[in-house]
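Scroll down for the structure; my scribbles are underneath it.
One-based numbering along the sequence shown. Atoms considered below: every heavy atom in the structure, side chains included; atoms not considered: hydrogens, waters and symmetry mates.
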Amino acid sequence: MSTSDIHTLVNSPVMETLARQSYPAGTLYVVATPIGNVCDISLRALHLLSLADAIACEDTRNTAQLLTRYGISKPLLAAHQHNEREVADKLVARLQAGERIALVSDAGTPGVSDPGAKIVDAVRAAGLSVMPMPGASAAITALSASGLINDQFYFAGFLPAKAGQRDTVLRSLEQLPATLIFYEAPHRIVESVQALAGVFGASRQIVFARELTKLFEQIHRCPLADAAEWLKNNAHGEKGEYVLLVEGAPADNDDDLHEARRILGILLEECSVKQAASLAAQITGQKKNALYQLALEMKEAAEE
Ligand code: SAM
């Protein structure tokens, strides 16, 4: 997409529709930016960045590059992990004076393993409004393409660098029946993958989501037993940005189902479906109707 295409887009009728939504003054706008591919930014985010009086950013050079791609020029102020609290006070004063301030990080969603949360906290504590402009985040992008089936996920962010602390965190997650999502730096990837296998065991699935949305994107899924080998054989193994996802522990539901099947299996040898379901309900405390359905399925399957 050329700069003139972008200009056409930014000035198109759809953007006029966007502009009709209200973007109140005196508000902090938390704007997600691309995690690789520069086109992964919403029209609304572009509109807001064009409207803002100033943009608070993790690294002014990175944000300047992004804005240049979209032909946007705005005053930038640095808001990184070392000055977030001080900057927050200045931003509160500017918002109280009626400015619209956008908050961005280098990539993805501010406040997600990135600076931003302290500023949002201070702005809200001052009674001012905060409006999110949603967009890319590496964790959710990776989850969406992982194929790990689970209604729940747990975002663990970066693991501690020290082995002992890292293992303590991992052990605290061992029984969690949710997909686990980690960010990891490339120089620690081999060590971390070994630690994941050590704590979660060989059979759980891991998904490597590397360089998402970029030219050399790779998404690879395998049992933890094979993870170190995959990394070793991958020419790019210790380079690039990674999200790691690990299959969660079996849910209680899975355990309940397993137990119900085991008990019904024994009872169906001796009793009718109805009696088996009734006895299984007394033994397990599970619902009789659900056990009746399960018993019926098991009986039919056995007769096929
Ligand atoms: N705020 C960002 C977000 O919403 O995803 C995360 C920032 S955090 C400092 C950077 C980490 O996110 C990287 O070390 C990596 O683990 C992950 N990450 C960011 N971009 C990525 C990409 N394109 N592919 C894979 N992982 C990525």
Check: Which heavy atom in Ala142 sits nearest to a heavy atom in Leu245, and how many Å separate them?
Finding: CB-CD1, 3.8 Å

Note to self: Hydrophobic clusters here meaning ILVMFWY residues chained together by side-chain heavy-atom distances under 4.5 Å, can you tell me if Leu212 and Leu244 are in one?
What the structure shows: no

Next item on the list: Kindly say whether Ala281 contributes a backbone atom to a donor-acceptor pair with the side chain of Gln286 at under 3.5 angstrom?
Entry: no

Next item on the list: Keeping to residues at least two apart or across chains, list the salt bridge (Lys or Arg N to Asp or Glu O under 4.0 Å) pairs with something in residues 173-201.
Entry: Arg166-Glu191, Glu184-Arg188

Next item on the list: Please answer: with hydrophobic residues joined when any side-chain heavy atoms are less than 4.5 Å apart, are Leu231 and Phe200 in the same cluster?
Entry: yes

Next item on the list: State, yes or no, whether a side-chain contact exists between Cys222 and Gln205 at a heavy-atom distance under 4.5 Å.
Entry: no

Check: What is the distance from atom CD1 of Ile206 to atom NE2 of His220, rounded to the nearest 0.5 Å?
Finding: 9.0 Å

Check: With a 4.5 Å limit on heavy-atom distance, are the side chains of Phe208 and Ile219 in contact?
Finding: no

Next item on the list: Could you check if a side-chain atom of Glu241 sits within less than 4.5 angstrom of a side-chain atom of Glu211, using non-hydrogen atoms only?
Entry: yes

Margin query: So, taking the atom named CG in Leu291 and the one named CG in Leu296, what distance separates them when rounded to the nearest 0.5 Å?
Written below: 12.0 Å

Check: Where the side chain of Ser172 meets the backbone of Val169, is there a donor-acceptor pair that is under 3.5 Å apart?
Finding: yes

Margin query: Around atom CD of Glu86, are there more than 12 heavy atoms from other residues, nucleotides or ligands closer than 6.0 Å?
Written below: yes

Checklist line | Thr60 backbone acceptor or donor facing Thr63 side chain under 3.5 Å | finding: no

Next item on the list: Tell me whether Leu103 is reachable from Leu76 by hopping between hydrophobic residues (I, L, V, M, F, W, Y) whose side-chain heavy atoms are closer than 4.5 Å.
Entry: no

Notebook entry, point to check: Are side-chain heavy atoms of Val193 and Trp230 found at a separation under 4.5 Å?
Noted result: no

Note to self: Could you measure the distance from the OG atom of Ser42 to the NE2 atom of His47? Nearest 0.5 Å is fine.
What the structure shows: 10.5 Å

Next item on the list: Give a yes or no on whether Phe153 atom CZ has more than 12 heavy-atom contacts from other residues, nucleotides or ligands under 6.0 Å away.
Entry: no

Note to self: What's the separation between atom CZ in Phe155 and atom CD1 in Ile140, rounded to the nearest 0.5 Å?
What the structure shows: 8.5 Å

Notebook entry, point to check: Within a strict 4.5 Å, meaning less than it, do heavy atoms of the Gln275 and Leu267 side chains meet?
Noted result: no

Next item on the list: Would you please name every residue forming a side chain to side chain contact (heavy atoms under 4.5 Å, CB included) with Ala79, sequence neighbours left out?
Entry: Ala56, Val87, Ile119

Next item on the list: Apply the test side chain to side chain contact (heavy atoms under 4.5 Å, CB included) to residues Leu279 and Ile263: give CA-CA distance (whole Å), side-chain angles for both, the deciding distance (0.1 Å), then the verdict.
Entry: CA-CA 9 Å; Leu279 288 170; Ile263 290 168; over 6 Å; no

Notebook entry, point to check: Should Asn62 and Cys57 count as side-chain neighbours, where that means a heavy-atom distance under 4.5 Å?
Noted result: no

Note to self: Looking at Asn233, I'd like to know if its CG atom is crowded, meaning that more than 12 non-hydrogen atoms belonging to other residues, nucleotides or ligands lie closer than 6.0 Å.
What the structure shows: yes

Note to self: Within this structure, what is the CZ-CG distance for the pair Arg94 and Leu28, rounded to the nearest 0.5 Å?
What the structure shows: 12.0 Å

Next item on the list: Please check if the side chain of Lys74 supplies one atom and the backbone of Ala52 the other of a donor-acceptor pair under 3.5 Å.
Entry: yes

Check: Does Asp53 use its side chain to pair, donor to acceptor, with the backbone of Ile101 at less than 3.5 Å?
Finding: no

Item checked: Test item: Leu170 and Leu180 side chains (from C-beta on) under 4.5 Å apart, heavy atoms -> no

Check: Does NZ belonging to Lys274 count more than 12 external heavy atoms closer than 6.0 Å?
Finding: no

Checklist line | Ile41 vs Leu49, side chain to side chain contact (heavy atoms under 4.5 Å, CB included): CA-CA, chis, key distance, verdict | finding: CA-CA 11 Å; Ile41 186 161; Leu49 291 172; 4.2 Å; yes

Next item on the list: For Tyr154, look at atom OH and say whether over 12 heavy atoms of other residues, nucleotides or ligands are found less than 6.0 Å away.
Entry: no

Next item on the list: Output the distance between atom NE2 (His80) and atom OG (Ser105), rounded to the nearest 0.5 Å.
Entry: 13.5 Å

Check: Given Leu148 and Leu143, is the side chain to side chain contact (heavy atoms under 4.5 Å, CB included) satisfied, shown in steps?
Finding: CA-CA 8 Å; Leu148 294 173; Leu143 182 67; 5.6 Å; no

Margin query: Could you check whether any side-chain N or O of Thr284 sits under 3.5 Å from a backbone N or O of Ala260, counting only pairs where one atom can act as donor and the other as acceptor?
Written below: no

Next item on the list: Say whether Arg44 and Tyr23, considering side chains only, have a donor N or O and an acceptor N or O under 3.5 Å apart.
Entry: yes

Checklist line | Among Thr27, Val31, Val30, the one residue meeting side-chain contact (heavy atoms from CB on, under 4.5 Å) with Met131 | finding: Thr27

Check: Is there a path from Tyr29 to Val130 through hydrophobic residues (I, L, V, M, F, W, Y) whose side chains come within less than 4.5 Å of each other?
Finding: no

Note to self: Has Glu58 got a side-chain atom pairing as donor or acceptor with Val104's backbone, closer than 3.5 angstrom?
What the structure shows: no

Next item on the list: May I ask whether Val38 and Ile35 are part of the same hydrophobic cluster, defined by side-chain heavy atoms of I, L, V, M, F, W, Y residues being less than 4.5 angstrom apart, directly or through others?
Entry: no

Next item on the list: For the pair Asp167 (side chain) and Ala195 (backbone), establish whether a donor and an acceptor sit closer than 3.5 Å, ignoring hydrogens and angles.
Entry: no

Check: Given the rule in the side chain to side chain contact (heavy atoms under 4.5 Å, CB included) test, do Asp114 and Thr109 qualify, once you have shown the distances and angles that lead to the verdict?
Finding: CA-CA 8 Å; Asp114 258 346; Thr109 302; over 6 Å; no

Item checked: Donor-acceptor pair, side chain of Arg69 and main chain of Cys39, under 3.5 angstrom -> no

Check: ring pair (Phe, Tyr, Trp, His ring centres under 6.0 Å) between Phe182 and Tyr242: does it pass, once the steps are laid out?
Finding: CA-CA 9 Å; Phe182 303 96; Tyr242 275 99; over 10 Å; no

Next item on the list: Please examine the side chains of Asp121 and Arg85, heavy atoms only from C-beta on, and report whether any two atoms are closer than 4.5 Å.
Entry: yes

